[in-house]
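Beneath this line is the structure, given in C-alpha cells, with notes to follow.
Excluded from the calculations below are hydrogen atoms, water molecules and symmetry mates; all remaining heavy atoms, backbone and side chain alike, are included. In the text below, chain A, chain B and the rest are named by the order of the sequence lines, each starting its count at 1. As the structure is a prediction and not an experimental result, all values here were calculated from the model.
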There are 2 protein chains.
Amino acid sequence: MEDKGYLTPKQEKVLRFIRKRVGEGLPPTIREIGQEMGFKSTGTVRDYLKALIQKGLVKRMNNKSRAIELAEGAAVFNKIPIIGTINAGKPNLAYEEIQGYVDADDLFLGRLGFNDVFALRVKGDSMIDAGILEGDVAVIKKRPDAQNNDIVAALLDNNEVTLKRLRSKSGRFYLEAANVNYPPIFEEFKVIGRLITVIRKY
Amino acid sequence: MEDKGYLTPKQEKVLRFIRKRVGEGLPPTIREIGQEMGFKSTGTVRDYLKALIQKGLVKRMNNKSRAIELAEGAAVFNKIPIIGTINAGKPNLAYEEIQGYVDADDLFLGRLGFNDVFALRVKGDSMIDAGILEGDVAVIKKRPDAQNNDIVAALLDNNEVTLKRLRSKSGRFYLEAANVNYPPIFEEFKVIGRLITVIRKY
DNA sequence: TTATATACCACACATTTGTGTGGTATGTCA
DNA sequence: TGACATACCACACAAATGTGTGGTATATAA
C-alpha cells in the first residue's frame, strides 16, 4: 500500500493517461488504456492497474465500468507548474526551472471538505499590514480550532462579521486589526471560523 | 440548442445528480440515474437526457458508458458560498447572508487555459506594500498584454526572475518594487508574464 | 372525437466493458 | 539447470451498459 517506490516509465505513462482522463471528467476503460499504450490484451492493462493499485496510486471498484479513482497523492488535476521560487526581494532564481506541480484545487482549498468552508470578500483596509487588501477573497473554515494569533472571521454583538487577528491578553481574548489606525476590539464576539486562504485576482 | 428555458423539478434533479457524480470523478450510467430518480425503465432516463441535451445543458457520446459531459454553463463543481462582503475596516455585514456561489476553479484561475499559466512561490519582501508576502503563490499568465502599472514576472539579464511592478517614465520601462527599501531596476529585462492571482494559505 | 405532448414502463438486443484462465518470451538469481 | 519475476498476448465468458421499439396513462388543444 505504501510502497510507492519507483514507477517504471510505462507505469508512469499509464498513470498520466488516467490522470488526464479523470481530469477531463471521464475515466478510461481498460481497453481505452490498452489502446493508448499500444497493448493488445486487456490482461496486460489489468497487470498495470494491479501494479498501480499495489503502489497505492490508484483505486478501483469492481465490476463497474471506468471506475478508476486516483488515490490521495495522485489526484492532481488542473496541474500548473511551479517554476521555482520567485524572489520578490532580490532576484535569484533561474527561469523555467520547474520544481514540481501543484493541483489548483489543492492549492486553493487543500483536501478540506467543502462543507465547512465559505468565502468572504474583503472590504476596507484594517488588515492591510497582514497583506490582506480590499477586494481579496478570504476563505474561512468554520468552527475550527482557532488559536491565539490566528486571523479569524468573528461575529460581533451587532450581528456583523469582521476579519481580525485573534489575540489574548491576561486570559482574555480580543480582536486586533493589522493597521495602526484601527483600535483593538474588546467587545463581545464569537469566532465563526479561521482564515485558511486568501485569494487575490488582478 | 439555446433553449435553456426552464427545467422541470425532476429535470433539475437529474442535472444535479449528474453534476454531483461528474464532480466526484465518475459520471453515472443511465441505470444509476434511474435508480437515483426512482425510475424503473432506462427509457425514461433516456427521455430526460434527451431533454437536457435539447436544452443545451448536457452532452453525450454514443455507445460509451458513462459518457455524459456537462455543457459549458453547467459545469459548476466545487461551489463554495460567498457569504457577503466582510468588512475589514468597520464591520457592517450580517452573517449568513449568502450572496451567491463561486466555483472554486473559477475563483482560482477563471476560464483561462492552463497552458499559459504557471505559479511561483514568492520569496522576500520587496512587494510587501502591494500585499504580496513571502510564501505567497503568484500565478502568472505567460506572454500577456502587460501594461504600465501591472505587476509582472520579469526575466533579468542574469537569467533570474523577479516579481515587480512594471513602470514607464519618459518612454522607458523599468521595474519598481513595492517597498521603499528596494530601488527601482533600470537594467535590461524581459516580461515573462503578468500576475493574475495571488494565493496565500495559512 | 382525434391529435398531440408529457411522463413514464417493459423488454429484447447489441455493444461495451470487466473478469479469469492460460500462454509465450525474456531475463535474473542461485 | 530450475525457480521466479517481468512483460506481454489470446480468448472465452459474464456482467454492465446503451439502444430501440412499443406500450399505458394522463392532460390539453382543435
With respect to the phosphate group of [N], does any side-chain polar atom (N or O) of [X] fall under 4.0 Å of OP1 or OP2?
X        : N       : result
Arg60(B) : dT19(D) : yes
Asn63(A) : dT17(C) : no
Thr42(A) : dG18(C) : no
Ser65(A) : dT17(D) : yes
Arg31(A) : dT16(C) : no

Expressed as a whole number of angstroms, how long is the span from [X]:[atom1] to [N]:[atom2]?
X        : N       : atom1 : atom2 : answer
Arg66(A) : dG18(D) : CZ    : C1'   : 12 Å
Leu49(B) : dA7(C)  : CG    : P     : 14 Å
Ile30(B) : dA10(C) : CD1   : C1'   : 16 Å
Asn62(B) : dT17(C) : CG    : P     : 12 Å
Lys55(B) : dT6(C)  : NZ    : P     : 9 Å
Met61(A) : dA15(D) : CE    : C1'   : 15 Å
Lys64(B) : dT19(D) : NZ    : P     : 11 Å

Worksheet item: Across the strands shown, which category fits Thr44(B) at heavy-atom distances under 4.0 angstrom: base, sugar-phosphate, nothing?
Response: base

Worksheet item: Under 6.0 Å between the ring centres of Phe39(A) and Tyr48(A)?
Response: yes

Worksheet item: Nearest to the side chain of Lys40(A), which nucleotide is it out of dT17(C), dC9(C), dC9(D)?
Response: dC9(D)

Response to the item:
Winner on side-chain proximity to Thr29(B), out of dC8(D), dC11(C), dG18(D), is dG18(D)

Worksheet item: Are Glu32(A) and Arg21(A) close enough for a salt bridge, meaning some N to O gap below 4.0 Å?
Response: yes

Item to complete: For the pair Arg165(A) and Glu176(A), find out whether any cationic side-chain nitrogen is under 4.0 Å from an anionic carboxylate oxygen.
Response: no

